[in-house]
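Just below is one structure, and these are the notes that go with it.
Residue numbers start from 1 in every chain, and the chains themselves are labelled A, B, ... in the order their sequence lines are given, proteins ahead of strands.
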Amino acid sequence: MAKATNPHGATLFDFRDTELMIKIAEEANGSRKGIATSELAEALGFEEGDNRPMGMRLGWMRKYGMVLFDENERTWRLSAGGRRVVEARVRSREIEVVDKLPDEAMVEVMAHVTSRYRHGQSTLAHLLRREFLYGTQRR
Amino acid sequence: MAAVTSVLVCEVCEREFPSPQALGGHRYRVHGLRGGSRRSKQRQQQATTKPEPSRALEAPELEPGDVRAKIRATFESVSGELRAQLAELEQTIEQRELELKDLREARGDLRAIIGRVAPGSLELTKQAKAVSNGSQKRAAKDLAAKVEAVEKIITTEPKWSEGFTSNRLADDLSERIPRGLSTKVARTVLEELRERGVVRHDRVVKGGGMQFKLVSADEVFYRRNGDDG
């Protein structure tokens, strides 16, 4: 089986938070039953038995409130907040409006984003911060 | 007392003249006689016995044909020296040009090595900056055109909804995209579309590549499966 882009981990720059969350939703077939770490790793193309990077990543996503871990079943699923973010991402058409805004208006948009960061739910704040990290990575 | 005026008389024609200059001029013009004063006679004698100042032509001793030969010889001598100097100069220039070429090649090698060992550490020359800026602008424009073309194709043709790699994209679209589409450029195009939220990373495939999926395909999935939780 193939290795991830970074063979030592499933980092933010290999898979964005929303990409993993969509994968969880996809593999779990939209149900609340969840998916095991090994199954998710396999679905993402990691080598069999190479679950540690994915386990670590999911641990952080759990801490940020994007996913939930079922201790009994040992499976992962999206949190309510995570589900809302994923659904908003794939169904949103409002983003096209933002796309058409001129560059000068983006500063104002960022001000609104940071306001949500400060006053919104913690899961959203983490997602915003990490999305910014991903977007501003050195190319 | 009456004023005494002296009158000079020509000894040949007995005409009278008021001054020595007038008499002298008359004697030369009319009778062909040069000055009769002692000083004048001395000058005439010196003129006939003293040789002319040295000149290249030496007219009194040379025939006309010899003058031309002398001039030609002088010209040949001078131009020969100039041609020798010119030949020497051209040889020096040629040698310096070879040295310059060698130095430029060495500079290019060094820049290439430094560019690999410490990228971005070298300051470009003004000319190199201009060339680099122009190339970068052209490359950016070319990439933007490819991104637009690929986005249009993959979001309108159904076969792309199940996912694809940059290899497959390059293989299938190379001839449909302006100026072609290599695997490397396809990867760059897809990452750009990922930035825009058009595609996402889906899974790693054999060989370490990445499979991409359209975000709009996720919408279809959600519409089909919903959320039964």
Side-chain angles (χ1 to χ4, degrees), chain A residues 1-7 10-23 25-34 40-47 50 53-54 68 77-80 82-84 86-96 98-99 131 134-139, chain B residues 118-121 136 139-140 143-144 147-148 151-152 154-155 161-168 183-229:
Chain A
M1 190 157 317
K3 286 189 178 179
T5 307
N6 180 352
T11 69
L12 178 63
F13 308 111
D14 293 301
F15 295 98
R16 290 152 99 166
D17 290 332
T18 47
E19 288 169 342
L20 284 182
M21 289 155 69
I22 287 172
K23 201 66 181 175
E26 216 173 53
E27 295 299 317
N29 205 22
S31 75
R32 285 182 175 267
K33 286 181 183 174
L40 184 60
E42 187 182 339
L44 288 167
F46 280 78
E47 277 190 3
D50 188 17
M54 188 50 56
L68 299 172
R77 60 185 172 85
L78 293 178
S79 66
R83 228 177 10 255
R84 281 198 298 275
V86 168
E87 286 166 9
R89 185 170 186 262
V90 302
R91 293 175 183 175
S92 172
R93 286 291 169 260
E94 286 83 7
I95 203 69
E96 292 178 8
V98 177
D99 234 0
E131 191 63 30
Y134 164 80
T136 53
Q137 67 173 305
R138 193 173 172 172
R139 303 262 186 268
Chain B
S121 64
Q136 283 177 2
L143 179 64
V147 168
E148 195 181 325
E151 181 179 358
K152 190 175 176 185
I154 63 176
T155 53
S161 60
E162 293 302 317
F164 45 89
T165 61
S166 53
N167 278 348
R168 185 184 160 204
T183 304
K184 185 181 172 188
V185 173
R187 201 157 40 236
T188 305
V189 165
L190 286 174
E191 288 300 333
E192 178 66 28
L193 289 173
R194 185 182 175 216
E195 294 286 320
R196 298 184 189 185
V198 176
V199 300
R200 61 171 174 90
H201 278 183
D202 181 54
R203 55 172 287 133
V204 180
V205 296
K206 271 186 187 174
M210 183 62 73
Q211 172 163 290
F212 291 80
K213 259 196 175 172
L214 286 167
V215 169
S216 57
D218 298 329
E219 184 183 341
V220 173
F221 167 81
Y222 268 90
R223 227 183 288 132
R224 194 169 54 230
N225 293 286
D227 179 6
D228 61 356

inquiry  = Name the residue from B:His201, B:Arg194, B:Arg200 that meets the side chain to side chain contact (heavy atoms under 4.5 Å, CB included) definition with A:Arg16.
reply    = B:Arg194
message = Return the CD to CZ distance between A:Glu42 and B:Arg203, rounded to the nearest 0.5 Å.
response = 8.0 Å
note = One should read off an interatomic distance between B:Glu195 CD and A:Tyr134 OH, to the nearest 0.5 angstrom, of 4.0 Å
key: Least distance between heavy atoms, A:Leu44 atom then B:Asp202 atom   = CD2-O, 3.3 Å
Minimal non-hydrogen separation, A:Phe15 against B:Val204, with atom names = CZ-CG2, 4.0 Å
message = Looking at A:Glu26 and B:Lys213, is any side-chain nitrogen of the basic one under 4.0 Å from a carboxylate oxygen of the acidic one?
response = yes
request  = Against chain A, label B:Gln211 side chain, backbone, both or neither, depending on which of its atoms sit under 4.5 Å from a heavy atom there.
outcome  = neither
